[in-house]
Each structure stands twice: as C-alpha cells, then as structure tokens.
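All values below were derived from every heavy atom in this structure, side-chain atoms included, with hydrogens, water molecules and symmetry-related copies excluded. First the proteins, then the strands, lettered A, B, ... as listed; each starts at 1.
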There are 2 protein chains.
Amino acid sequence: MGMGRPREFDAETALDQAMEVFWRHGYEGATIAQLTEAMGINPPSLYACFGNKEGLLKAALDRYTKLRGVWMDEVVAAATAREVAERMLMGIADKQTDPANPPGCLLVQGGIACGTGSENVPFELAARRAQNEDQLRDRFVRAKAEGDLKETADPAALARYVSAVAVGMGVMASSGADREALRQVASVAVQAVAAQSKRA
Amino acid sequence: MGMGRPREFDAETALDQAMEVFWRHGYEGATIAQLTEAMGINPPSLYACFGNKEGLLKAALDRYTKLRGVWMDEVVAAATAREVAERMLMGIADKQTDPANPPGCLLVQGGIACGTGSENVPFELAARRAQNEDQLRDRFVRAKAEGDLKETADPAALARYVSAVAVGMGVMASSGADREALRQVASVAVQAVAAQSKRA
DNA sequence: CCACATCTGTAGTGAACACTACATATCTGG
DNA sequence: CCAGATATGTAGTGTTCACTACAGATGTGG
C-alpha cells in the first residue's frame, strides 16, 4: 500500500503565516480566505492538515508558546526575582513592538472574548498565559526560599502581578504604544518586585 | 406636521443590555440577533436608533464611560498619588469581578483585534482607555507639583503603568481570576506608585 | 505498471451574518 | 379627523462565512 502524495508546503512555515493573521485580526476576525492566502495553500490543504479553524489556531498557539518558551527559560534563569521581572518586562516591551511581528501578544490578540460556538478560544489562550505565570511563580518560590524575596512576599501574587503587567503592556502595544512608552511601564513595574526583595 | 410615533423602548435601558452582550462576546462575537433579543427590540428599531452595529457599540461605549467617569472622579479625588492608585486598582478588582456584570472591562473585552472592515473598533476602545489614562496623568502631575511624588517621578509613565495594570487585571478577570487574586495584584502594583512617593 | 493512499485545485455547499423593504401602527399639528 | 412623520413587526435581501465534494495529480509498495 502506497503512502500517498506528499504535501507540497511546509507546515511550520505555513503556521508562522497563520500565526501572524490570528495575531493581527484575532480568531474571529481572521477568515479562512485570509489564512489560506497568507499560508500559500488552498482550503482543502488547510483542513486536511489542521482539522478546522480552531485546530489551526491551536497549532499556531503551540508554535507560538514553543518559540516563546525558549525565551522564558532565559528570563527565569536570571539571578534574582527583580532581575527576572526586569528581563521579562523589558524583553516584552521590545518584543511587543518588534516590527517583524504584529504589535502586542498573540495570547491576548488572539481573542479575549468570542461569540457563541467559539467559547473555548479565550479559554485556550488563558491556559497558555497561565503556563507562563506558573513558570514565574515557581521561580519566585525559589527566590523566596533562597532569601532573595522577603519572608512576607507572596510568590504567586508576584507572578500574577508580572503576568498582568505583561498583558496590559500587550494591549497598549496593540493600540499603538511605542517601545519607549512600554519600557517606562516596565521600569515602574519592576519597582514593585524590588519592593518585595530584601536587597532593594 | 406631526412628530411621528414615539419609540416604545427606553434607549438607555436597551443600551445597558447591548453593553452586556458586547462585554461578554466582543464586537465581532456579538450578533444582531443576540443584541436585539437582549434589548427586547427588533432589528429595524435598532438600526433606526443607532444607525448600525458599530453605532450601537459607540453608544454603548459612551454609556459605559459615562457611568465609569463618575467613579473615576472619585478615584482622582483621593489625597495622594498612592491612594489614587490604590482606590483605582482595588476598585477595579471589585468591579471586574462584580457578578452583576460580565467579568473584565468592556473597553478590553469589546475587541482588541478585529477583522477587516472593523479596524476602527479597537481604535475606538483604545481612545476611551486613553481618556482614563489622561485623567490619571493629570492627577499625577498635580501630585508631583504638590510634592507628593518625587522630583524624579514621571507622571505620564506612572499613569500609563496604572492603566496597564488595570487592563491586565481585566483580562485576568475575564479568564476566571477571582476577586482575591485581583486584589493581590492591585496590592503589589500599588507599591510601585508608593516607591515614587516621598512619604512611602 | 498497477492498486492504493494521500495531497491539491476548482468550484461549490448550506448556514449565518448585517442589514432592509414594506405594510401597518401610533403619534403630533392643524 | 385628517395629513405628515416616525416607530414597529414580518419577512426577507445579498453577502460572506467555514467547510467540503470531487476529480485529477503524485507519491509508495508489490
């Protein structure tokens, strides 16, 4: 039995293009026509490879978080909680205003609220954001154990805080905030983490 | 010349219902059928009164920011920059988890990214968020002039920061964060403003 | 070179969408 | 009580949407 005709496009390259469309227009705002054109394929190829529109989104999110994960590992590798927050938020200020990508963050732009029938899209995005938050929290737990953070510090609250600022910066970036404006926000935000550190 | 048949519904009451639908599903996710049902009217009444779907959104945003404006005035009436931030963020933690409304903030849930043809919806939301930020900035400018904030403090950056945290909290609320979690975020965030105050 | 399996492009499918034509109803001014 | 003006409910309109049937193309195993 033969193995069939091989696909003529590269799935990851196509996903990068789909990612950009979802990033710019959101899940509901992105049309199959836009997606297939950006990906350089026809609808049947899309559906054969990714199942349906939501499957394509999930695949794009997987790719996004995979690429992002490499960077997050570098972030949490910083020596102190303060430096973790600084790397994270300053890096995000740069990333979210990188002209190579649409502004903001796919995990927010993808779709915070959706219509009936797409309810689990926001849920899916939230789950990915929660992963980042968990990674931060674990890092802050360690910082507290190491005596880097004060005894009174709440690692989970700090992680939620840094996550919230990151999301807020993303929304600002998507509505036109420039890099310098985001860096200023990041700079202020880091002070709150510093306030929870023993060596201010 | 007569003045025609009077409308049988109250525009503001209907707007409150429309607001809730946009809030929960976003601009693109909300359908005319859902809106008219929630408003208790038929499509022709909606179009006669608000022009089109986008006109209805703008009217709903006007109402939202009007109601919100009353509260914002109370926020900036606080004595110090630190207290302004505290009232704002703690109040937002409560508002965004008020079961009387959908979770989060309409100015974010309404539509951060939209499809071709609705490009100015995100722009419209951003403009309303910017109003809040401007109000905060003016208040922080005053705080600096009064010697409440340090000489080195940047009122515009602080206002952007508080705005960003508020937006981030809204996204978290919409994805299930409870009131206590948001209050913890607010609590940490306020420390950054306190760090810019003379009397910590 | 043939049976089989998978991909690709063309050209649609039904459903849902925002929006509206039209007849009817209810008001005001004279 | 009539003429003009505006609102309402019914029942659509054309368009766009996500998705697919189908036929032809291109591969593998025997």
Side-chain angles (χ1 to χ4, degrees), chain A residues 1-15 17-19 21-22 24-61 110-111 113-122 124, chain B residues 1-15 17-19 21-22 24-60 110-111 113-121 124:
Chain A
M1 32 182 165
M3 288 177 60
R5 177 175 175 176
R7 86 163 43 107
E8 293 181 0
F9 64 95
D10 176 59
E12 293 202 332
T13 305
L15 267 184
Q17 307 305 318
M19 222 172 68
V21 176
F22 283 132
R24 199 172 296 278
H25 296 293
Y27 176 74
E28 296 191 310
T31 70
I32 297 292
Q34 285 174 326
L35 289 164
T36 51
E37 184 183 355
M39 298 166 84
I41 61 177
N42 293 106
S45 299
L46 190 160
Y47 285 90
C49 191
F50 302 105
N52 56 17
K53 191 182 177 185
E54 194 172 327
L56 176 61
L57 175 71
K58 285 185 190 172
L61 292 178
C114 278
T116 310
S118 306
E119 290 93 348
N120 51 337
V121 167
E124 201 69 41
Chain B
M1 34 183 164
M3 288 177 59
R5 175 175 175 177
R7 84 164 45 107
E8 295 180 359
F9 64 95
D10 177 58
E12 293 202 332
T13 305
L15 267 184
Q17 307 306 317
M19 222 173 68
V21 176
F22 283 132
R24 198 173 297 278
H25 297 293
Y27 176 74
E28 296 190 311
T31 70
I32 298 292
Q34 286 174 326
L35 290 164
T36 52
E37 184 183 354
M39 298 166 86
I41 61 178
N42 290 321
S45 299
L46 190 160
Y47 285 91
C49 190
F50 302 105
N52 56 18
K53 190 182 177 183
E54 194 172 327
L56 175 61
L57 175 71
K58 286 184 188 172
C114 277
T116 309
S118 307
E119 290 93 350
N120 50 338
V121 166
E124 201 67 42

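Here Pro43(A) lies in heavy-atom contact (under 4.0 Å) with a base.
The closest donor-acceptor contact from the side chain of Glu119(A) to the backbone of Gly117(A) lies under 3.5 Å.
Interatomic distance, CD1 of Ile41(B) versus CZ of Phe50(B), reported as 6.5 Å (0.5 Å rounding). A distance of 4.5 Å separates CG of Leu56(B) from CZ of Phe22(B), quoted to the nearest 0.5 Å.
At dC19(C), one or more side-chain N or O atoms of Tyr47(B) fall inside 4.0 Å of OP1 or OP2 (strictly under the cut-off). For the OP1/OP2 pair of dT8(D) and a distance below 4.0 Å, the side-chain nitrogens and oxygens of Ser45(B) include at least one atom meeting the criterion.
Side-chain atoms of Phe9(B) lie closest to dT8(D) of the nucleotides dT28(C), dT8(C), dT8(D). Nearest to the side-chain atoms of Thr31(B) among the listed nucleotides dT10(D), dA18(D), dC17(C) stands dC17(C).
Atom CZ of Arg7(B) and atom C1' of dA25(C) are 16 Å apart (whole Å). At whole-Å resolution of the value, CD1 in Ile32(B) and C1' in dC17(D) are 16 Å apart. Whole-Å rounding puts the Glu28(B) CD to dC17(D) P distance at 10 Å. If you take CG of Leu46(A) and P of dG9(C), they are 12 Å apart, rounded to a whole angstrom. For Phe50(B) and dA7(D), the CZ to P distance is 12 Å, given to the nearest whole Å. Rounded to an integer number of Å, the gap from CG of Asp10(B) to P of dA7(D) is 14 Å. Rounded to whole angstrom, the span from the CE atom of Met39(B) across to the C1' atom of dA18(C) amounts to 15 Å. Atom CG of Leu57(A) and atom P of dA18(D) are 13 Å apart (whole Å).
Nearest-nucleotide mapping onto DNA chain D: of Ala48(B) and Arg5(A), the residue sitting toward the 5' end is Ala48(B). Where Pro44(A) and Tyr27(B) meet DNA chain C, the nucleotide closest to each residue was compared, and Pro44(A) sits on the side nearer the 5' end.
Contact of the Tyr27(A) side chain with the Glu28(B) side chain is not registered, since no non-hydrogen atoms from C-beta on lie closer than 4.5 Å. In this structure, the side chains of Leu46(A) and Met39(A) come closer than 4.5 Å at one or more pairs of heavy atoms.
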